[in-house]
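To start, the structure under review is shown below, and the notes come after it.
Predicted model only: the values in this text are computed from it and were never measured. Just so you know, ligand 1 is whichever comes first in the structure, and atom 1 is the first atom listed for that ligand. FYI, the numbering just counts along the sequence from 1.
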Amino acid sequence: MSQTEDDPAAVGEPAVHAAEPRPAPVELLREALSRVSRAAPLEARGRFLVLTHRGPDPDALGACEGLRQLLSEAFDHEPVVATVGVIHRAENLALVEQLDLELEDYLTLEHDRFAGVLLVDTQPEFGHTVVPDDLPIVAVFDHHVPPGGGGDQPSSVPVEYRDVRLELGATSSLIWEYMRDAGLEPSARTASALFCGVRYDTADLSRNATPLDEEAYLATFRLADRAAIARIAHPPLPPVYYAELSGALACARRHGPLILALMGKVENPASVAEMADLFLRMEGCSWTLVGAEHEGGYVLSLRTDPAYGRAYPLMQRVLDGEGSFGGHGHIAGGRIPLEDAGESSVRAVERRLRTRALELLGASSEDGIPEEGRALHE
Ligand SMILES: [Mn+2]
């Protein structure tokens, strides 16, 4: 065989054997961290910032805690976990408090303290995620559909190491795998956080759960602080929760298999997801869309019954190009920024959303769906 310029042997490179085993993910991550660390200014070397999406849920917080322990104990780096904005949902607040998680405020951090950023349970392109533009993104761990639906098009943001597995129920399971492969046993705090991540994203392994999710759930449960996870499951609820529950029950309408609750304004944006979870449990409900204005944005949660289909494409069609959204399995969330959050513009957004949701229903129903819907108890 004659050698050409494309042949590695011709330019003195060792030939690559097709059968050469690919290094384990944990080793690829270790290498990515060292590469970025070496390129950083001396005082920032070995220091990494772990970030996730706004309003972090148990899966996001669990994955952050797993990475914190992995980076410090298996790789001998110094990680800092930081969050953006307020955590509203009672379970998520209870998780932070019960496990005494050390979360810094992203907005007050000095970026030049760090060599790079690791992102969990989200991707840099997502609208609900803030990433610094003056630090390299070392790694991304996620299980959400990438922007554009996960085709082959390259991402617009350079990332040193990306591990996105759409089939996985929880990002916490993914991080558990790295800890396991590094031979690291999660502490009681890390195990409790990872367990809650897998528990809430898979509804105790009842939806979207793969064998890795099951392994992570069982292994972390054995090491978890069981009194703490019980208190996280039944947290104290603020009075506003009951006011917004009452408002949601009053405005919710059934349209065949859909429960639609467009609530106007809410004080606690977590109410939107809470109510979506609650309505999906109603007999005969196959999917539910709940929305409300909060701080200049219209927040949406969509849930589907496991038998009904995936939430992401439904949310995509309900939004029809407005705002940003994300989702996995039977859960999707979205946000439409509002220039004017006055009552009439909120009502206009709700009218558009209702029309598109009912069009989607009409397309799948033979008898047509009554436009006005019925109250839940009728
Ligand atoms: Mn998740």
CG/Asp76: more than 12 non-hydrogen atoms of other groups inside 6.0 Å: no

Single hit among Val50, Val80, Thr83 for side-chain contact (heavy atoms from CB on, under 4.5 Å) with Leu103: Thr83

Exercise: do Glu167 and Thr210 side chains pair donor with acceptor under 3.5 Å: no

Heteroatom of Asp59 nearest to the Mn ion (ligand 1) (N, O or S, atom name): OD2

Minimum side-chain heavy-atom gap Val117-Pro136 below 4.5 Å: no

Heteroatom N/O/S of Asp121 within less than 2.8 Å of the Mn ion (ligand 1): yes

Atom of Asp201 closest to the Mn ion (ligand 1), considering N, O or S atoms: OD2

Atom of His143 nearest the Mn ion (ligand 1) (restricted to N/O/S, atom name only): NE2

